[in-house]
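To start, the structure under review is shown below, and the notes come after it.
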Amino acid sequence: MVKEIIKIDWEKIMKEKKELKKYNHIIDGKKPRSMGLLARNLMNILLYIREKENTNQFQVPIAELRAYLKLTTNDYKNRIEKAIYELSIPMELRDFKYKGKEIAYVPASLLIEPTIYKDNINYVDINISEKFIAALEEKMGFTALDFMKLLECSTKFGHEIAQMIFRYKNLPNKLSNGSVRITKTIDDLNNMFGTNYKYVSDMSRKLDAGYKDIQDSLGIEYLYYYNEIEKEFVFTWIKEENEDRLYFPRARLKELAEWICDHYHAKTRSQVTDRNKFVIHCIGKLKKGEWKDADKAYRGMLQRKYNLN
């Protein structure tokens, strides 16, 4: 017996709080190379609807998807169809239990035959794979994401890095109670981004693009660098504080902290690890308004770096 397709009350969906419990295995796992930014955002929307409506089969108005995905060009239907296709490409799933049976391996996709009918061309019938969800549910939990924030990102690199930061935002750090520090190999990042870079320089360029995207769209402060000894990328940021007292533009905090480090603390200049720890610590203090002579340093940076009085 075929389960009835539920037509979604989009007005109700739009009024709900946009927090998705996204499976960590999707956040951390390997993405297909073909999966673009639009497909990643569409995945979040469809998983959100599934979670709110408690059903794997539903009908979505294309016009509402267009509005959610902020598509302004006339080719929005083709772009949405392409994103739907990308979510229909199988991913390798291993070692999970489905309906009481142990599965060693299966190629499965998020969507099963998503369909737009000629007599109802303004809607798409969505069928989310029960087997795909079962595999994810057996893995390591979920992260609560405000996926509307992720929609602000303009690159898949910014999207994935921001998602990673939300995932680990208050992770305990043995080196410093006030900051988070996580590491990713180049293979880890290739899996996240759906890329196949072999050289650190190539991956660094994409991390730079992601950083610019996040600064422009979300204003999240973090640092990253490559550890030559351990052969891994290091990402670090200040743990969330309940209250910020910013006296400077948020987008300037990292730049100001680096200026303070390079011009007022000579001992840290040649020590990469110490310098990054110092900058993270400084950003935290600047956010709280607790850095002594911060205004003097900010004026000095504007005068000497930008020739502004």
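Sequence positions, counted from 1, serve as the residue numbers for this chain.
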Keeping [X] on the side-chain end and [Y] on the backbone end, is there a donor-acceptor pair under 3.5 Å?
X: D213; Y: C153; result: no
X: E53; Y: I8; result: no
X: N227; Y: E230; result: yes
X: E86; Y: G36; result: yes
X: K31; Y: I26; result: yes
X: R181; Y: V234; result: no
X: K305; Y: L302; result: no
X: S201; Y: Y199; result: no

Is atom [atom1] of [X] surrounded by more than 12 heavy atoms (other residues, nucleotides or ligands) closer than 6.0 Å?
X: N196; atom1: CG; value: yes
X: K30; atom1: NZ; value: no
X: Y105; atom1: OH; value: yes
X: K52; atom1: NZ; value: yes

Hey, could you give me the [atom1]/[atom2] distance between [X] and [Y], rounded to the nearest 0.5 Å?
X: N127; Y: L46; atom1: CG; atom2: CG; answer: 11.5 Å
X: L20; Y: R50; atom1: CG; atom2: CZ; answer: 10.5 Å
X: K99; Y: K101; atom1: NZ; atom2: NZ; answer: 11.5 Å
X: K97; Y: I103; atom1: NZ; atom2: CD1; answer: 11.5 Å
X: K184; Y: E232; atom1: NZ; atom2: CD; answer: 11.0 Å
X: I238; Y: C282; atom1: CD1; atom2: SG; answer: 9.5 Å

Is [Y] reachable from [X] through a run of hydrophobic residues whose side-chain heavy atoms are each under 4.5 Å from the next?
X: I112; Y: M91; value: no
X: F58; Y: Y123; value: no
X: Y85; Y: V60; value: no
X: M148; Y: I49; value: yes
X: M301; Y: F278; value: yes

Checklist entry - Between I126, T115, N120, which is the residue that forms a side chain to side chain contact (heavy atoms under 4.5 Å, CB included) with Q59? => result N120
Checklist entry - Looking at K22, R167, M164, which one forms a side chain to side chain contact (heavy atoms under 4.5 Å, CB included) with T143? => result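 When K22, R167, M164 are each tested with T143, the side chain to side chain contact (heavy atoms under 4.5 Å, CB included) holds only for R167.
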What are the two closest non-hydrogen atoms of [X] and [Y], and how far apart are they?
X: L42; Y: I80; answer: CD2-O, 4.5 Å
X: E160; Y: Q163; answer: OE1-NE2, 3.2 Å
X: I280; Y: T236; answer: CD1-O, 3.4 Å
X: S109; Y: I89; answer: CB-O, 3.5 Å
X: N122; Y: K77; answer: OD1-NZ, 3.8 Å
X: A162; Y: I214; answer: N-CD1, 3.7 Å

Checklist entry - Run the salt bridge (charged side-chain N to carboxylate O under 4.0 Å, His left out) check on R299 and D295 step by step: do they pass? => result CA-CA 6 Å; R299 288 197 304 271; D295 56 338; 3.7 Å; yes
Item to check | I220/I161 under side chain to side chain contact (heavy atoms under 4.5 Å, CB included): CA gap, chis, key distance, verdict | outcome: CA-CA 10 Å; I220 298 174; I161 294 169; over 6 Å; no
Check: [Y] and [X] side chains under 4.5 Å, non-hydrogen atoms:
X: P114; Y: S88; value: yes
X: K131; Y: F96; value: yes
X: L38; Y: K82; value: no
X: I133; Y: Y98; value: no
X: F193; Y: L207; value: yes
X: E16; Y: Y48; value: yes
X: M35; Y: K156; value: no
X: E152; Y: K70; value: yes

Tell me yes or no: between the side chains of [X] and [Y], is some donor less than 3.5 Å from an acceptor?
X: T185; Y: D187; value: no
X: Y23; Y: D28; value: no
X: K254; Y: Q215; value: no

Checklist entry - What about the rings of W237 and F166, do their centers lie closer together than 6.0 Å? => result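 No, ring centres 6.0 Å or more apart.
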Checklist entry - Looking at the rings of Y211 and Y222, which for Trp means the six-membered one, are their centres under 6.0 Å apart? => result yes
Next on the checklist: Before you tell me yes or no, could you show the steps for Y226 and I186 under side chain to side chain contact (heavy atoms under 4.5 Å, CB included), namely the whole-Å CA-CA distance, both residues' side-chain angles and the distance that decides it to 0.1 Å?
Outcome noted: CA-CA 10 Å; Y226 185 70; I186 195 168; 6.0 Å; no
Next on the checklist: Could you check whether D216 pairs with K212 (Lys NZ or Arg NE/NH1/NH2 to Asp/Glu carboxylate O, under 4.0 Å)?
Outcome noted: yes
Next on the checklist: Can you tell me how the ring of F235 sits relative to the ring of F233, calling it parallel under 30°, perpendicular over 60° and tilted otherwise?
Outcome noted: tilted
Next on the checklist: Distance to the ring centre below 6.0 angstrom and angle to the axis at most 45 degrees; does that hold for K18 and Y68?
Outcome noted: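 Judged by the rule (NZ or CZ under 6.0 Å from the ring centre, within 45° of its axis), K18 is not positioned above Y68.
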Checklist entry - How far apart are the C-alpha atoms of L218 and K149, what are their side-chain angles, what is the distance that settles it, and do they pass the side chain to side chain contact (heavy atoms under 4.5 Å, CB included) test? => result CA-CA 7 Å; L218 301 176; K149 290 183 178 179; 4.1 Å; yes
Checklist entry - L47 and L110: side chain to side chain contact (heavy atoms under 4.5 Å, CB included), yes or no, with the steps? => result CA-CA 9 Å; L47 287 175; L110 176 71; 4.0 Å; yes
